[in-house]
Amino acid sequence: MTDYDTVSADVEHEEEIPEDHPRYQDLLTRHRIEQGVEKGITHLQGMHAEGRGSAFDYLLGEETIPSADEAERAAAAHLLLADRPVLSINGNVAALVPGEMVELADAVGADLEVNLFNRTPERIEAIADHLREHGAEDVKGLEADARIPNLDHQRAKVDADGIHAADVVVVPLEDGDRAEALEAMGKTEIVIDLNPLSRSPRIAEVPIVDNIIRAVPNVTGHARDLAEAEEAELRTILESFDREAALEEAERRIRDGEL
Ligand code: PTJ
């Protein structure tokens, strides 16, 4: 018998998932993704992505490892120093952490932009509405009046005054081609991805190998702690963050499986 047998697969509200369940976070995540698919927010492929992420998270011990916490602090420092920070939202991100992304955007003065791998007008609208229901005032990504160079037409669509003009972008659960294309545009990328071997975190200036449901509130917490910090202190945080070490530590934890 697995742990999952103790919780019905068809819970209607996430409050029905017992918080003391040993796999609580995983059950909550799966439930939110299922709801996202039902609401037309999350693509079916998002379920596969979630399954992959869940396997890595299991091996990480479903916790924020110290190197991920350092990456989250560096991400907060980058966002506070940025002139035009943008948080990119796809169907999984919208289902898992809509209110948390709105809070992070408020904490660092960033814009929110819907940017989809499997782009349809219906999903863009559904995600923008969902973010507004969670407190977002301005949602970008609907204009799609600019293009990321060297990407196919649909995936290249961005807002001219959003991702296209951004200096720092948070791209969670991002596809490797787009991460490379954004890097080629000179953006500072903060990638949240549980797979440290995936191309996107390997390209990122700040790779955060952590579950997005833990990572985003933690970046916001660091940003609030650092809100009054001098620029020199923020720059010291950036200089002392070692992206290679963070990726290596996450891979070591996953391979060693110290559970
Ligand atoms: O909504 P769309 O159309 O933009 O599509 C979004 C998905 C996620 C379906 C699309 O971008 C995709 O197929 O992504 P990939 O190539 O499957 O990459 C997703 C990455 O996110 C994988 O490396 C997963 O391990 C990781 N991942 C999945 N769930 C989480 C996660 N990382 C952090 N937190 C999670 N909860």
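Order of appearance sets the numbers: ligands from 1, and atoms from 1 within every ligand.
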Any atoms of ligand 1 less than 4.0 Å from a non-hydrogen atom of [X]? List them with their elements.
X: Asp210; result: 33 (C), 34 (N)
X: Asp193; result: 20 (C), 21 (O), 22 (C), 23 (O), 24 (C), 25 (O), 26 (C), 32 (N)
X: Gly91; result: 1 (O)
X: Phe117; result: 2 (P), 3 (O), 4 (O), 5 (O)
X: Leu96; result: 36 (N)
X: Leu116; result: 1 (O), 4 (O)

**Report entry** Side chain proximity check, Pro207 to Arg202, heavy atoms < 4.5 angstrom
**Finding:**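 Contact flag for Pro207/Arg202 side chains = no.
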Looking only at distance, does [X] have an N or O less than 3.5 Å from an N or O of ligand 1?
X: Asp175; answer: no
X: Asn92; answer: no
X: Leu194; answer: yes
X: Arg52; answer: yes
X: Ile192; answer: no
X: Glu174; answer: no
X: Gly46; answer: no

Which residue and atom name correspond to the protein heavy atom nearest [atom], and how close is it?
atom: atom 36 (N) of ligand 1; value: Asn211 OD1, 2.9 Å
atom: atom 6 (C) of ligand 1; value: Asn90 ND2, 3.6 Å
atom: atom 34 (N) of ligand 1; value: Ile212 N, 3.0 Å
atom: atom 19 (C) of ligand 1; value: Ala49 CB, 4.1 Å
atom: atom 21 (O) of ligand 1; value: Leu173 CG, 3.4 Å

Under 3.5 Å, is there a donor on one side chain and an acceptor on the other for [X] and [Y]?
X: His222; Y: Asp69; value: yes
X: Asp193; Y: Ser200; value: no
X: Asn115; Y: Arg178; value: yes

Exercise answer: donor-acceptor pairs, residues 138-146 side-chain atoms, under 3.5 Å, sequence neighbours excluded:
from   : atom 1 : to     : atom 2 : distance (Å)
Lys140 : NZ     : Asp161 : OD2    : 3.3
Asp145 : OD1    : Ala160 : N      : 2.7

Report task. Tell me, please: is Ile213 in heavy-atom contact with ligand 1, that is, under 4.0 Å? Result -> no
Does a salt bridge link [X] with [Y], judged by any charged N lying under 4.0 Å from a carboxylate O?
X: Glu231; Y: Arg235; result: yes
X: Asp177; Y: Arg199; result: yes
X: Arg73; Y: Glu70; result: no
X: Arg52; Y: Asp57; result: no

Requested in this report: Using a distance threshold of 4.0 Å (strictly less than), state whether atom 12 (C) of ligand 1 has a protein heavy-atom neighbour.
Outcome: no
Query raised in the report: Can you tell which of Thr220, Ile190, Ile192, Ile208 makes a side chain to side chain contact (heavy atoms under 4.5 Å, CB included) with Glu72?
Result: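 Testing Glu72 for a side chain to side chain contact (heavy atoms under 4.5 Å, CB included) against Thr220, Ile190, Ile192, Ile208 leaves exactly one candidate, Ile208.
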Query raised in the report: Just one of Ile212, Val216, Leu28 clears the side chain to side chain contact (heavy atoms under 4.5 Å, CB included) bar with Leu96, so which one?
Result: Ile212
Query raised in the report: If you draw a 6.0 Å radius around CG in Asn150, do more than 12 non-hydrogen atoms from other residues or ligands fall strictly inside?
Result: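 No.
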Report summary line: At under 4.0 Å between heavy atoms, what of Arg123 touches ligand 1? The answer is side chain
Query raised in the report: What part of Asp57 sits under 4.0 Å from ligand 1 if we count only heavy atoms: the side chain, the backbone, both or neither?
Result: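 Asp57 to ligand 1: no contact under 4.0 Å from either part.
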Query raised in the report: For Ile203, which fellow cluster members are found when Ile, Leu, Val, Met, Phe, Trp and Tyr are connected by side-chain heavy-atom distances below 4.5 angstrom, either directly or through intermediates?
Result: none
